Amino acid sequence: MKVVIAEKPSVGRELAKVFGATTRKDGYIEGKGYTFTWAFGHLLQLAPPQEYGFYGWRKENLPMLPQKFKLSIRKIKTKDGLVEDPAVKKQLDTIKRLFDECDEIIVATDAGREGELIFRYIYYYLKCKKPFRRLWISSQTDEAIKDGFRNLKPGTEYDTLFNSAHARSQSDWLVGMNATQALSISAGNKAVLSLGRVQTPTLAMICARYLEIKNFVPKIYYQVAIQLSKGEQFFKAISTKNFDTKEEAEAVLAKVLDVESGNPTGGHIKNVEGKAKKEPPPLLHDLSSLQQEANKKKGYTADQTLGILQNLYESKLVTYPRTGSRYIGDDIFATVPDLIAKYKSHNFFGKSAEFLLENKLNKRSVNAKKVTDHHAVLPTGIDPGYLPEDKQAIYDMVVGRMLEAFHQDCIKETTKISIESGSDFVANGTVIKTAGWRSVFNDPDDEKKDASENATLPKVDKGENLPVTKKAVVEKQTKPKPQYTEATLLKALETCGKEIEDEELRYAMKDSGLGTPATRASIIETLITREYITREKKNLIPSSKGLAIYDVVKEKKIAQAELTGQWEKRLEEIRGGASVLDFKNEIIDYTRNITQELLVAGAGLEKMLVTG
DNA sequence: GCAAGGTC
């Protein structure tokens, strides 16, 4: 018997279905000489400090550098504290029995670093010696699965991938556990002051933005605004220059040839420029883009959206949610017309669905090379029936985005009218000519609109002279960037690697950013639980505690996104066969340094924690 | 009491 182990039940069941295995047992499915079982993500984790004899939070224990890391069963919080998750324990027992009985294991965890780690932790924890081969697929269609099984790889081909995964895991433990204890102890051991490779740079981003806004000095400037009329229609134009003082603006205002100062047609049209602009549809949703949209439109937190989406996934209404890809492969694309057809008589999306069925689909979101462990989020086409409001809202965002993504470009026409009336003025306007994908929701254009922008402009010709019906000086001021919301923070976590100056580090982070799609919501929640940040309406604002910690760590590597870049670069080298030992030694060195530094630097925090 | 990673 061969046992196939997947990362999660949904994949295990899908594989079983393709093989025609149908005998459902508790925790696995049998049939056709195969047994299909699964994990629930990471069942095992690096054991906590006390399992190496580091009891309590004591300076004498630091830095904690286990000779050999141990694995322990994932814990859950109950009223009696942390206990081994009984569901995990049970599944692990099932896997152990199946591994004992089989003559070969086929590893079908997700095709990536963490997927490899999920399997290897189980394999080594169970002290299993059975041979294993690797299924490596990035699409869950029948064809891709069959093809993958015909091309199983030797398990050892992924040893270096496991090495890099293991190094990532241990490094996070070493730096995170030690830095957290060091800071907490030196601040008087009154509260958990957690630090980590991901959470601390995230906190730093929020604090830096907050301080930038707090210290922002707005600069006042002036513009002159005029209103012109063309027949019955009025439109607004703004001086092409900004003025530093009110006096300069008033001097320009005085020169305007408006009707009131005796000029019936004092607005001379110097030029009219029209341009058509194509706006391609947005890509399909990945988890992060969906969390951003849900935060913007409905105010849901990243964590809420993930929870709702997981729920929809468990009800089989949407595909796998924790994806970082906004693309699908050609195989999935082939199923899209049938999927769209399911919404033909939908009372809101029906029209869009019908349009798409009669027109060529836009393939912007179709690119197999950009599908990583999972493809973009799509509805499954199963009729959801009645859904509560929050689930309905998220479900509609998934369906609506699918319709948008395969829709046509939106065609806009921008018009720029240059006017002279004593001095130079300009009027801008944008008109949607063909709505294309924007017809799905018919939302107002979300692009930034300046106050000088006119929704529609009357048809005017070069050389015309029009009456200037109003004029005024407008006082304006420069604005700081806005505080982070969950939406803008998620975006920043995804893209922060792209702002790194060092080219190699930037490259190393090019498809990762800070954290992963599956973990970013929980990173935000951690910062809130620690009382480092609070939600104020949609904004994420640092607390005095958060700012005090930022002040202690802001110059240190643990607060920089670059640290992840450096690790990613080395981990990729390890995957390519480079020494694990060199990296581990560097991490141990760094752990020693940061621990020492924090044991000193945290002392100043004690007072803040007492006074609040 | 602690990381970051995965999932129910």
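Computation of the quantities below employed the complete heavy-atom set of this structure, encompassing side-chain atoms and omitting hydrogens, waters and symmetry-equivalent molecules. Remember, it's a predicted structure, so these values are computed and weren't measured experimentally. To find a chain, count down the sequence lines: A is the first, B the second, and so on, and within it residues start at 1.
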**Fill in**
Residues passing the side chain to side chain contact (heavy atoms under 4.5 Å, CB included) test with Ala111(A), sequence neighbours excluded, are Trp136(A)
**Prompt:** Using a cut-off of 4.0 Å between protein heavy atoms and nucleotide atoms, how would you tag nucleotides 1-8 of chain B 5' to 3' with B, S and -?
**Reply:** BBBBBBBS
Can you give the donor-acceptor pairs under 3.5 Å from side chains of residues 41-50 of chain A to other protein atoms, not counting sequence neighbours?
{"from": "His42(A)", "atom 1": "NE2", "to": "Glu114(A)", "atom 2": "OE1", "distance (Å)": "2.9"}

**Request:** List in chain and number order the residues that pass ring pair (Phe, Tyr, Trp, His ring centres under 6.0 Å) with Tyr550(A), two or more places apart in sequence or in another chain; answer none if no residue qualifies.
**Result:** none
**Message:** Run the ring pair (Phe, Tyr, Trp, His ring centres under 6.0 Å) test against His166(A) and tell me which residues pass, sequence neighbours left out.
**Reply:** Tyr121(A), Phe162(A)
**Asked** How would you list all residue pairs meeting side chain to side chain donor-acceptor pair (under 3.5 Å) that involve residues 62-72 of chain A, not counting sequence neighbours?
**Response** Ser72(A)-Lys75(A)
